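Note sheet for the following structure.
Reckoned from all heavy atoms, side chains included, excluding hydrogens, waters and symmetry mates. Quick caveat: nothing in here was measured; it's all calculated off a predicted structure.
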Amino acid sequence: MTSERFFEILTMLPVPTIETAHMTFVSTFFACILGFPLGIYLYAASPSGLAPRLVLYSVLSRIVNLFRSFPFIILMILLIPLTRLIVKTSIGPTAAIIPLAIAAAPFVARVTESALSEIDQGVITAARAMGSTNFQIIYKVLIPEAMPALVSGLALTIINLIGYSAMAGAIGGGGLGNLAIRYGYYRFETDVTIGAVIVILILVEAVQLIGTAISRTLLAKR
């Protein structure tokens with residue numbers, strides 16, 4: 001590869017990288033808004049939770065599993081009418097945020113439920129002995145105790161969404177995936193695809209390192 005070609009590829013990468021970051025972090029925000037309360041409720045309603053609701057838990061759990069196992073590309077296509085209703089278009093990074101958030105919300109819910117379930121029952125017993133309500137136990141005891149695991153789960157969610165955003169590029173979602181498809185595949189410019197993949201790997205590694213560092217810091221302060 002010549003130096004001119006190298007710098008040409010470099011000039012292609014900033015805008016798609018920003019689009020990928022925009023899709024990933026905004027969809028993560030909305031996925032947390034949807035998935036975090038759902039995960040808390042799944043934990044509370046589980047057989048070993050604070051207020052078991054076995055039938056409701058079984059129904060919600062199956063719905064979450066269904067959405068988690070749904071292929072993202074198909075989900076994105078099925079959600080095109082909803083996307084158009086909300087953002088008035090089905091093309092571009094902003095439109096991709098809707099299916100990305102909906103696809104990630106069940107994962108956030110499961111991560112939250114799992115993190116809360118790992119808390120020692122002795123902590124809950126002690127909180128109950130002090131007269132704490134279920135609401136107080138969740139927000140003053142369980143969530144602070146589970147925060148390191150929640151941060152690690154959030155990092156995994158972001159990493160998954162980076163991969164999903166690349167797939168979204170295949171059907172007009174923009175970002176690095178769109179760059180790799182439009183130039184690398186359709187125009188047979190393999191070096192562009194390699195450049196996009198390298199940036200995606202860098203983003204994934206950065207998120208993993210930051211998530212691990214924050215999780216370890218929170219764990220050390222407990």
Side-chain angles (χ1 to χ4, degrees), residues 13-42 60-115 150-185 193 196-211 214:
L13 292 173
V15 172
T17 301
I18 292 171
E19 289 177 348
T20 294
H22 169 69
M23 286 189 287
T24 299
F25 290 104
V26 175
S27 59
T28 298
F29 174 76
F30 286 110
C32 288
I33 289 177
L34 295 171
F36 189 61
L38 178 58
I40 292 174
Y41 190 81
L42 281 171
L60 288 176
S61 183
R62 282 177 170 79
I63 292 174
V64 168
N65 289 339
L66 175 66
F67 274 92
R68 281 187 64 190
S69 60
F70 217 89
F72 175 70
I73 290 291
I74 297 175
L75 179 65
M76 189 172 181
I77 294 171
L78 291 177
L79 290 175
I80 284 177
L82 176 63
T83 302
R84 284 177 177 164
L85 179 66
I86 295 174
V87 299
K88 310 305 180 185
T89 181
S90 61
I91 304 297
T94 301
I97 289 171
I98 305 300
L100 284 171
I102 292 175
F107 184 81
V108 173
R110 282 300 186 202
V111 166
T112 302
E113 180 191 7
S114 177
L150 290 174
V151 170
S152 295
L154 181 61
L156 290 176
T157 301
I158 295 173
I159 289 170
N160 282 338
L161 283 174
I162 292 173
Y164 284 167
S165 71
M167 285 190 281
I171 53 175
L176 292 165
N178 182 59
L179 177 69
I181 293 291
R182 186 156 48 95
Y183 286 89
Y185 181 71
T193 301
V197 170
I198 289 173
V199 175
I200 290 173
L201 293 176
I202 291 173
L203 289 174
V204 168
E205 188 64 22
V207 170
Q208 185 64 69
L209 289 174
I210 293 171
I214 295 174

Determine, step by step, whether I162 and M23 satisfy the side chain to side chain contact (heavy atoms under 4.5 Å, CB included) criterion, reporting the C-alpha distance in whole Å, the side-chain angles of both residues, the deciding distance to 0.1 Å, and the verdict. CA-CA 8 Å; I162 292 173; M23 286 189 287; over 6 Å; no
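- Here the shortest heavy-atom pairing between L161 and A104 reads CD2-CB, 3.7 Å.
- A 4.5 Å side-chain heavy-atom check between V64 and E113 finds every atom pair outside the cut-off.
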Test L156 against V111 for side chain to side chain contact (heavy atoms under 4.5 Å, CB included), laying out the working first. CA-CA 9 Å; L156 290 176; V111 166; 6.0 Å; no
Report the C-alpha distance between L150 and T112 in whole Å, list the side-chain angles of each, state the deciding distance to 0.1 Å, and finish with yes or no for side chain to side chain contact (heavy atoms under 4.5 Å, CB included). CA-CA 6 Å; L150 290 174; T112 302; 4.0 Å; yes
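- What you find for I73 and M167 is that their closest heavy atoms are CD1-O, 3.5 Å.
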Could you please spell out the steps behind the side chain to side chain contact (heavy atoms under 4.5 Å, CB included) verdict for T17 and L176? CA-CA 6 Å; T17 301; L176 292 165; 3.7 Å; yes
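- Going from atom CG of L85 over to atom CD1 of I80 covers 13.5 Å, rounded to the nearest 0.5 Å.
- Tested against P99 for a side-chain contact (heavy atoms from CB on, under 4.5 Å), the candidates L79, I77, L82 yield a single pass: L79.
- Taking CG of L203 as the reference point, atom CD1 of I198 lies at 12.0 Å (rounded to 0.5 Å).
- Taking both residues in full, the closest heavy atoms of G175 and E19 are given as N-OE1, 2.8 Å, listed atom of the first, atom of the second, then distance.
- Considering CD1 of I159 and CD of E205, their distance stands at 8.0 Å, rounded to 0.5 Å.
- Considering all non-hydrogen atoms of both residues, A101 and F30 come closest at CB-CB, 3.8 Å.
- Here the CD1 atom belonging to I63 is positioned 10.0 Å from the CG atom belonging to L42, to the nearest 0.5 angstrom.
- When every heavy atom of T24 is checked against every heavy atom of T28, the shortest pair comes out as O-OG1, 2.6 Å.
- In this structure, the side chain of R110 does not engage the main chain of G35 through any donor-acceptor pair within 3.5 Å.
- The line from CG of L179 to CG of L13 is 6.0 Å long, rounded to the nearest 0.5 Å.
- Within the 4.5 Å cutoff, the side chain of N178 has no heavy atoms near those of the P16 side chain.
- For the atom pair F29 CZ and L34 CG, the distance stands at 10.0 Å (nearest 0.5 Å).
- Between A95 and T83 the shortest heavy-atom distance is O-CG2, 3.3 Å.
- Between the S165 side chain and the T20 main chain, no donor and acceptor come within less than 3.5 Å of each other.
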